[in-house]
Amino acid sequence: QNLDVQCCTENSTFPVLTAPPNVAYEGFEDGDVADWPIEDPYEEDNVSWQIDTVAAYNGMYSLYFGDPDTQTYASSPPNPSTATAWTPYFEVDPDSNREQVGSFWLWMSTEFDGAEEPGSDPTAAFVDVLKVHVQRFGDTDTELSWTSAGIGNTTNGGWTQVGIELKDFRGETVRIGFEFDSGDVAGQSTANAYGGVRIDDLTVASACNDDCLSSEDCSDGDQCTDDLCSESGLCINVVSSDGPCDDADPCTVDDVCVAG
């Protein structure tokens with residue numbers, strides 16, 4: 001039996017447990033991920049996960065995979081560019097009347113940038129892939145919850161919202177892992193001079209609706225709105241006043257949105 005959504009309020013269990021109707025976000029604004037275990041099989045190279053200030057969805061900081069000096073994931077010495085950043089363990093809300101979801105904003109620049117249909121490339125399944133795993137406390141196995149192959153392994157240098165379902169972990173202690181892998185073989189680093197991966201505004205929340213998981217679920221077809229999935233599981237389409245657009249008129253150039 002589901003609660004009436006009018007009587008339901010959302011809250012978060014990561015990065016901290018909040019009282020409804022508050023939701024907390026990990027925006028990395030303390031500039032530190034000392035409590036995030038980093039698994040890096042090539043610790044001697046220059047590429048891994050760390051906090052970076054070059055770009056963020058909100059604030060000044062984001063979790064970045066790459067070399068902070070070159071702003072690429074080309075490794076030196078040449079190696080596969082791969083590492084996994086794990087959140088601290090947390091308990092997923094046990095409430096079966098709400099939808100438990102993880103949400104974060106993703107910026108991704110890879111060799112698939114600019115491809116007309118990057119998701120149709122068969123190499124997208126194993127080259128320059130970001131995978132999101134969930135691991136139960138005490139388990140050695142992990143469960144794959146999301147892969148960037150579904151979006152073609154690129155956001156073309158923009159930000160997009162990603163959501164993952166966590167209702168199968170209700171009441172359990174888990175952690176979330178972000179694994180990037182360039183897909184190279186040992187001793188090689190090929191076509192990796194791209195911007196890498198950024199994660200920002202990560203939260204695990206209990207939503208009162210299940211209309212959406214990510215911004216892709218909320219597209220209204222209007223180039224002049226910013227589409228996102230709210231922490232309550234509802235789509236929000238916000239008018240953008242200065243973004244580029246195309247009115248399909250060949251006699252106009254440099255079209256921009258004006259009050260939507």
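None of the values given here were measured: they were computed from a predicted structure.
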Passes side-chain hydrogen bond (donor to acceptor under 3.5 Å, both in side chains), Ser76 versus Asn46? Steps please. CA-CA 6 Å; Ser76 178; Asn46 57 321; 5.2 Å; no
Side chains of [X] and [Y]: closer than 4.5 Å at any heavy-atom pair?
X      : Y      : answer
Leu17  : Glu91  : no
Cys218 : Leu228 : no
Pro88  : Trp36  : yes
Tyr57  : Gln161 : no
Ser206 : Asn11  : yes
Cys8   : Asn97  : no

Hey, could you give me the [atom1]/[atom2] distance between [X] and [Y], rounded to the nearest 0.5 Å?
X      : Y      : atom1 : atom2 : result
Ile51  : Leu63  : CD1   : CG    : 5.0 Å
Asn79  : Glu44  : CG    : CD    : 5.5 Å
Gln50  : Asp32  : CD    : CG    : 12.5 Å
Phe90  : Arg175 : CZ    : CZ    : 11.0 Å
Thr110 : Leu130 : OG1   : CG    : 10.5 Å
Phe112 : Ile151 : CZ    : CD1   : 11.5 Å

Can you tell whether the side chains of [X] and [Y] come within less than 4.0 Å, N to carboxylate O?
X      : Y      : answer
Arg98  : Asp93  : yes
Arg136 : Glu172 : yes
Arg170 : Asp95  : no

Do you know which of Phe169, Tyr89, Trp86 makes ring pair (Phe, Tyr, Trp, His ring centres under 6.0 Å) with Phe137? Tyr89
I would like to know whether Asp128 and Tyr73 meet side-chain hydrogen bond (donor to acceptor under 3.5 Å, both in side chains); could you show each step before the answer? CA-CA 10 Å; Asp128 294 345; Tyr73 53 97; 2.9 Å; yes
Does Thr225 form a side-chain hydrogen bond (donor to acceptor under 3.5 Å, both in side chains) with Asp222? I'd like the steps, not just the answer. CA-CA 6 Å; Thr225 60; Asp222 187 339; 4.8 Å; no
Angle between ring planes, Phe104 versus Trp146, binned at 30° and 60°: parallel, tilted or perpendicular? perpendicular
Any donor-acceptor pair under 3.5 Å from Asn153 side chain to Val127 backbone: yes
From Leu202, Thr84, Val197, residue fulfilling side chain to side chain contact (heavy atoms under 4.5 Å, CB included) relative to Phe178: Leu202
Sulfur-sulfur distance Cys229/Cys235 under 2.5 Å: no
Within the 6.0 Å centroid threshold, strictly below: Tyr61 and Phe28: no
